[in-house]
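Here the structure comes first, spelled out in structure tokens, and everything after it is commentary.
When a ligand or atom number is given, it counts from 1 through the structure's own listing order. These values consider heavy atoms only, across backbone and side chains, with no hydrogens, waters or symmetry-generated copies. Since the model is a prediction, treat every value here as computed from it, not as a measurement.
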Amino acid sequence: MRILLYNPDNGVTRNFMPHLWMFLLQALTPPGHEVVLIDGNAQPMDEAGIARFVREQNIGLVGIGAMTRMIAKAYRMADAIRAVGVPVVMGGPHVTEEADEALGRNGGPRHADAVALGEADETWPRIVADAERGHLKDIYAPVDAFGQDSKPSLKEYPAIPWDKIDLAQFNLIPKMVKNTLQRIGEGWGTFRIIPMESGRGCPYGCEFCTVTGFFGDSIRFRTNESVVNELLLLKARAKSEGGQIAVFFIDDNFAINIKRTKSLLRDIIAAGAQVHWVAQISANLLRDEELVDLIAASGGKWVFIGMESIDPTNLADVNKGFNKPGEYAAVLQRLAARNVYAITSFIFGMDNDTVGVAERTLKEIRTWPAGLPIFGLLTPLPATPLYKRLEAAGRLTRPKHWQEFIPFAMAHTPLKMTIEEAHAEVRKGWANAYSPEAMAQAVDSLKDKPLGYRINIFIARMCFRGIYFPQMGPLSWLKLIFQNRRTIIGLVKEGFATWRGRPSSPLPVAEESFQTGVGAT
Ligand code: B12
Ligand code: SF4
């Protein structure tokens, strides 16, 4: 049977990174089937396009995975596929919580023939076998022999065959410069950010987050050996095709068990498996100097920190009191001292937020080392404690907000400001943090570092700006380049001067500029 695994586009940004679930399920598919992957962010498709694809490619089963924000698109695509007679199985965090919606059991239309609840590592082979026999069940739940909810152990993690998978759709290097760049230094013909997990689960239970409910509060880890081998495979692939890779450790809290993280990082270093990597780590765990040393030595370049708010009352409200705003600056300095920078994520519209929250947050950010701030709105995702609290309080203004997804729009009323005021605060956060002046300041703040760091922060910031401001077409990029022309001219001049000063090393900038794991959003 030919199986298509499809992830819908998020409708806002191009994907800088493919989704891990597709590669994982591909690796877990029993022999005898062929699995095709399409990520809508890399290969945009509409309903007619996917219906044509499944017919022409003789696809016998389609698996669709989606977060809440893409679910409306996922349902439309599923409807189009089912209309041409091909069964659809859906999985992922949204349908796990809203299985009745996907199966049309709550009064709405049916979108999926089957739903895989929770982690599907163990149910997927059964789903494939049932689909082949034409006997798909409605629901596949990961349960043990006693019918109890069971979480897959990651000790027997499958080897994802990165050396063989067709990754053409995930190359971030534009086609027109690919051939030229392939010849630069160690080769830049391809640049891919690859998702990898080293563990699952998070005990912290922040109120707005799906993770503790979905993956559980006890953490399961892969063996160090399996992670190291995967890194080595990816490294070898990049080398063999004259390209580069960076890895995004998608663990929700990569250092949740500091002892184990240190041991993994030591093993990576010992095996020479370092690649440039990004990971999510909460600020409280970055107090450990030795951990930060190992992060830097093992290739860590960017750390995503869910700071959420600079107001301790807000943090306590969402059960994230372990974040201490008073230590944010010190944590970022500690990272920057090792040339590791941070993606700092903030949520506005929290219950203690008032008008002016953006300016107050920006004022703090300006005192920190250069990084990549991002601003979102508190969003009640299905089945989270936040959703339940707001629902009980009658505060949800759009209880089924996912049925009509609107980027950066609240679905409930904050306590101390209006929805419109919260939207204006987010806009202000993005507009100020990514203004040409802020871009220039970020570049300038790294003036004592090699040029590559300045180029990287600039490119990463240009791309991150696109999370909020639509900049998908060439025209919007041209406008952006024009607005930032002074910084660009400065960097080009400096690059030219460096190149002329170091004739024996023809392309030093390219070598240095690969400092960031985050290429484009
Ligand atoms: C990596 C990641 C991202 C990446 C993008 C995704 C990517 N390219 O990988 C980035 C950093 C960009 C990102 C951004 C956001 N993310 Co995110 N992200 C994650 C993260 C940390 C890991 C995802 C992952 O690969 N997990 C590991 C795989 C193995 O798990 P999985 O995807 O769930 O797949 C398993 C099962 O769900 C199931 N399954 C999944 N799909 C399918 C399909 C089929 C057919 C079947 C059978 C089974 C199946 O089987 C898999 C194996 O067991 C998760 C948290 C988490 N730990 O999962 C959040 C998470 C998915 N993100 C979340 C959110 C909310 C966001 C944002 C909206 C945050 C924001 N406010 O801006 C943005 C939106 C992004 C966008 N523009 O679309 C939520 C989604 C909750 C929900 N109900 O939708 C999660 C769960 C975290 C949370 N805080 O609750 N994210
Ligand atoms: S620490 Fe991160 S992953 Fe864990 S519950 Fe909080 S927000 Fe979710």
Of the backbone atoms (N, CA, C, O) and the side-chain heavy atoms from C-beta on, which set of F214 has a member under 4.0 Å from an atom of ligand 1: side chain, backbone, both, or neither? side chain
N or O pair under 3.5 Å between D121 and ligand 1: yes
Using a heavy-atom cut-off of under 4.0 Å, does the side chain or the backbone of P18 touch ligand 1, or both, or neither? backbone
Once you measure the plane-to-plane angle for F23 and W162, does it fall in the parallel (<30°), tilted (30-60°) or perpendicular (>60°) bin? tilted
Non-hydrogen atoms of P195 versus ligand 1: any pair closer than 4.0 Å? no
W124 side-chain N/O to L25 backbone N/O, donor-acceptor pair under 3.5 Å: yes
Near G65, which atoms of ligand 1 are under 4.0 Å from a heavy atom of that residue? 41 (N), 42 (C), 43 (C)
Please list, in chain and residue-number order, the protein N/O/S atoms closer than 2.8 Å to atom 8 (Fe) of ligand 2. C209 SG
Tell me the contacting part of A120 for ligand 1: side chain, backbone, both, or neither, using a 4.0 Å heavy-atom threshold, strictly below. both
At a 4.0 Å cut-off, with the gap strictly under it, does some heavy atom of L25 reach an atom of ligand 1? yes
Side chains of R260 and S198: donor-acceptor distance under 3.5 Å anywhere? yes
Residue part near ligand 1, for Q280, under 4.0 Å between non-hydrogen atoms: side chain
Distance-only polar pair, side chains of N284 and S282, donor-acceptor under 3.5 Å: yes
Have N314 and N352 got a donor and an acceptor in their side chains that come within less than 3.5 Å? no
Under the rule for side chain to side chain contact (heavy atoms under 4.5 Å, CB included), what residues qualify as partners of Q148, not counting sequence neighbours? D144, F146
Checking heavy atoms under 4.0 Å, the part of T210 that sits near ligand 1 is both
Selected option - heavy-atom contact closest to atom 33 (O) of ligand 1, from F215, F23, W21, Y6: F215
Give the single entry among I250, D251, T379 that approaches atom 23 (C) of ligand 1 most closely by any heavy atom. I250
Taking both backbone and side-chain atoms of T68, is any N or O found less than 3.5 Å from an N or O belonging to ligand 1? yes
For W124, which part has a heavy atom under 4.0 Å from ligand 1: side chain, backbone, both, or neither? side chain
Within the structure, is a non-hydrogen atom of E308 found at a distance of less than 4.0 Å from ligand 2? no
Would you check if there is a donor-acceptor pair between the side chains of Y387 and E97 at a distance under 3.5 Å? no
Got a list of side-chain donor-acceptor pairs under 3.5 Å for residues 81-94, not counting sequence neighbours?
| from | atom 1 | to | atom 2 | distance (Å) |
| --- | --- | --- | --- | --- |
| R82 | NE | D113 | OD2 | 2.9 |
| R82 | NH1 | R110 | O | 3.2 |
| R82 | NH2 | D113 | OD1 | 3.4 |
| H94 | ND1 | T68 | OG1 | 2.9 |
| H94 | NE2 | E101 | OE1 | 2.9 |

For D130, what residues pass the salt bridge (Lys or Arg N to Asp or Glu O under 4.0 Å) criterion, not counting sequence neighbours? R133, K137
Tell me, with the steps shown, if E207 and K320 meet salt bridge (charged side-chain N to carboxylate O under 4.0 Å, His left out). CA-CA 8 Å; E207 195 195 29; K320 201 157 185 171; over 6 Å; no
Is ligand 1 less than 4.0 angstrom away from at least one heavy atom of A116? yes
Quick one: does ligand 1 sit under 4.0 Å from the side chain of F304, the backbone, both or neither, non-hydrogen atoms only? neither
Hey, is ligand 1 close enough to M17 that some N/O pair sits below 3.5 Å? yes
Do the ring planes of W277 and F249 sit parallel (below 30°), tilted (30 to 60°) or perpendicular (above 60°)? perpendicular
Assess M70 for proximity to ligand 1: is some non-hydrogen atom of it under 4.0 Å away? yes
With a 4.0 Å heavy-atom cut-off (strictly under), which part of D252 contacts ligand 1: side chain, backbone, both or neither? side chain
Are E98 and R105 close enough for a salt bridge, meaning some N to O gap below 4.0 Å? no
Would R220 and E119 satisfy salt bridge (charged side-chain N to carboxylate O under 4.0 Å, His left out), going step by step from the backbone distance to the final call? CA-CA 13 Å; R220 290 153 285 145; E119 295 169 59; 2.8 Å; yes
Mark yes or no for whether R461, through its side chain, and G371, through its backbone, hold a donor-acceptor pair below 3.5 Å. yes
Against I127, only a single residue in L136, T29, V115 fulfils side-chain contact (heavy atoms from CB on, under 4.5 Å); can you say which? L136
Without hydrogens or angle criteria, can the side chains of N319 and Y204 be said to hold a donor-acceptor pair below 3.5 Å? no
Using a strict cut-off of 4.0 Å, indicate which atoms of ligand 2 neighbour a heavy atom of K320. 7 (S)
